[in-house]
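Worksheet: one structure, shown below.
Order of the sequence lines sets the chain letters (A, B, ...), proteins ahead of strands, with each chain counted from 1. Model, not experiment: these values are computed from the prediction.
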There are 2 protein chains.
Amino acid sequence: MASLAEENYLKLIYHLSGSGAEEVSTNALAEQTQTRAASVTDMLRKLADKNLVHYKKYQGVRLTPEGQEVALQVIRRHRLWEVFMVEKLGFRWDEVHPIAEELEHIASAELINRLDAFLDFPVSDPHGDPIPTAAGTMPSPEYEKLCEVTAGQRVTMMGVSEHAASFLQFLSKAGLIPGSIVSVLEINDFDRSMILKINESAPSFVSYEVARNILIKFSV
Amino acid sequence: MASLAEENYLKLIYHLSGSGAEEVSTNALAEQTQTRAASVTDMLRKLADKNLVHYKKYQGVRLTPEGQEVALQVIRRHRLWEVFMVEKLGFRWDEVHPIAEELEHIASAELINRLDAFLDFPVSDPHGDPIPTAAGTMPSPEYEKLCEVTAGQRVTMMGVSEHAASFLQFLSKAGLIPGSIVSVLEINDFDRSMILKINESAPSFVSYEVARNILIKFSV
DNA sequence: ATAAAAATTTAGGCTTGTCTAAATTTTTAT
DNA sequence: ATAAAAATTTAGACAAGCCTAAATTTTTAT
Ligand SMILES: [Mn+2]
Ligand SMILES: [Mn+2]
Ligand SMILES: [Mn+2]
Ligand SMILES: [Mn+2]
């Protein structure tokens with residue numbers, strides 16, 4: 001039904017709107033799609049004609065329920081393929097995103113549901129992002145940012161909010177991957193950098209910029 | 001490099017040319033692609049400009065070495081995904097072709113080579129068709145047609161030369177799948193139909209039309 | 001050897017998704 | 001409250017892939 005380009009726009013609108021909460025601007029979409037604002041305007045009109053977005057000229061855009069459903073399906077496919085590539089094919093978590101960008105457009109529901117079962121119904125992808133259900137709902141686990149943890153606390157690494165390959169590679173090297181147990185040994189007041197103990201290995205240093213992009217939950 | 005449409009043309013030219021042996025006509029391509037001859041002509045000019053086919057007006061088309069390499073890659077991807085769907089996801093062999101038509105266009109070589117390893121380097125797909133190597137060569141096992149077997153002989157079912165879902169479903173019901181051991185009990189001279197014993201089950205009847213599309217090798 | 005038939009190509013056009021340049025609307029700053 | 005700046009839309013264009021209708025070339029049948 002929705003073309004590849006349309007699916008990409010819908011997915012992007014979902015992400016940029018904060019899961020559908022706010023309006024998304026034409027320029028924000030143009031920046032992320034690597035296209036020009038004029039091209040975005042054209043597409044928004046088409047999506048509005050198909051009832052996939054609410055769009056009023058100059059007023060930004062948001063997903064309709066139909067548009068959100070398409071977006072969530074695409075995100076579900078993307079994240080399941082990422083799990084497949086990491087868990088079954090042995091890819092690293094910093095390698096899979098660009099390939100998932102292509103695989104996410106293979107539409108067969110039968111394929112995706114069987115893949116889901118084959119992977120044992122994972123609830124999150126290799127980066128800790130939740131996987132929408134077949135029924136089209138997005139689980140929203142409540143994680144904190146590592147930068148908000150106080151010294152002396154022990155937390156579990158749950159995911160990232162920044163997906164750049166270089167960032168992910170840095171985290172792997174530090175042993176900071178989902179599931180890692182992290183104790184905050186020390187926080188430097190001046191720049192909010194942290195010294196962490198990760199899974200019983202030697203203490204390591206992370207900047208505020210890094211800590212801000214790590215999602216954690218407090219260990220019970 | 002090659003677009004999705006281009007990949008489909010190249011793959012089709014490969015198949016219709018008998019693995020590159022003969023020239024393919026515009027009309028033959030138009031019929032299979034469900035497009036008009038005029039559209040095929042347009043595409044052939046584009047493919048010729050990119051040095052993927054040899055094309056002379058009114059004289060038909062054949063693949064260049066470059067074109068053949070692309071075609072074999074696409075066929076390799078198609079067949080590996082079919083193995084994946086049947087072996088890992090539990091699809092039936094009559095269900096996977098349309099989905100593989102989409103998956104075959106995901107280009108990542110890394111993905112395909114890892115998938116190949118994950119599947120234990122299969123040499124043929126669920127229909128018995130050989131899988132081109134990563135290096136771009138097509139294995140060509142030499143199979144006979146079941147219709148050429150004489151009464152009393154015992155053979156192994158190796159594949160099919162007709163891929164229609166209805167045909168594949170019929171074969172499954174009869175237990176005629178790759179690997180089955182088949183003894184030809186009787187051949188009816190009049191219509192060349194056969195009575196077979198398949199894997200020790202009760203004798204079953206197949207028409208010449210069916211036997212003609214089953215590939216076998218003689219058991220050693 | 002020719003005329004009819006079949007195959008193929010050319011000409012002109014359409015849709016999707018993109019572009020640049022120009023016009024318009026909204027926002028921001030005085 | 002305006003004027004400048006920023007954001008957005010409109011206008012006109014283009015490539016990819018497809019279409020129909022008409023022209024051309026090749027093949028087949030007399
Ligand atoms: Mn991703
Ligand atoms: Mn995409
Ligand atoms: Mn197939
Ligand atoms: Mn295809």
Could you tell me the Watson-Crick or G-U partner of [N], where both distances fall under 3.5 Å? Say none if there is no partner.
N      : value
D:dA21 : C:dT10
D:dT30 : C:dA1
D:dA16 : C:dT15

Give, ordered by number, those residues of residues 35-45 of chain B having at least one heavy-atom distance below 4.0 Å to an atom of DNA chain D; if nothing qualifies, reply none.
B:Thr35, B:Arg36, B:Ala38, B:Ser39, B:Asp42, B:Met43
Expected list for residues 8-19 of chain B near DNA chain D, using heavy atoms below 4.0 Å, is B:Tyr9
Chain B reaches DNA chain C, atoms under 4.0 Å from its heavy atoms, from C:dA7 to C:dT10
Go nucleotide by nucleotide along DNA chain C from the 5' end; which of A:Lys57 and A:Ser3 gets its closest nucleotide reached first?
A:Ser3
Please list all pairs meeting salt bridge (Lys or Arg N to Asp or Glu O under 4.0 Å) that have one or both residues in residues 16-37 of chain A, counting only residues at least two apart or in different chains.
A:Glu23-A:Arg62
For the residue pair [X] and [Y], confirm or rule out a side-chain donor-acceptor distance under 3.5 Å.
X        : Y        : answer
B:Gln32  : B:His15  : no
B:Glu66  : B:Thr64  : yes
A:Asp191 : A:Ser193 : yes

Between D:dA16 (P) and B:Glu6 (CD): distance, integer Å
8 Å
Under the side-chain hydrogen bond (donor to acceptor under 3.5 Å, both in side chains) test, residues paired with A:Thr35 that sit two or more places apart:
A:Thr33
So, using side-chain hydrogen bond (donor to acceptor under 3.5 Å, both in side chains) as the criterion, who are the partners of A:Arg77 when residues are at least two apart?
A:Glu7
Would you confirm whether B:Ser124, through its side chain, and B:Asp129, through its main-chain N or O, come within 3.5 Å as a donor-acceptor pair?
no
Aromatic rings A:Phe84 and B:Phe84: how do their planes relate, parallel, tilted or perpendicular, breaks at 30° and 60°?
tilted
Can you say whether the rings of B:Trp81 and A:Trp81 are parallel (under 30°), tilted (30 to 60°) or perpendicular (over 60°)?
perpendicular
What is the minimum heavy-atom distance between B:Ala100 and B:Met85, and which atoms define it?
N-CE, 3.7 Å
Charged tip of A:Lys88 within 45° of A:Phe118 ring normal and under 6.0 Å
yes
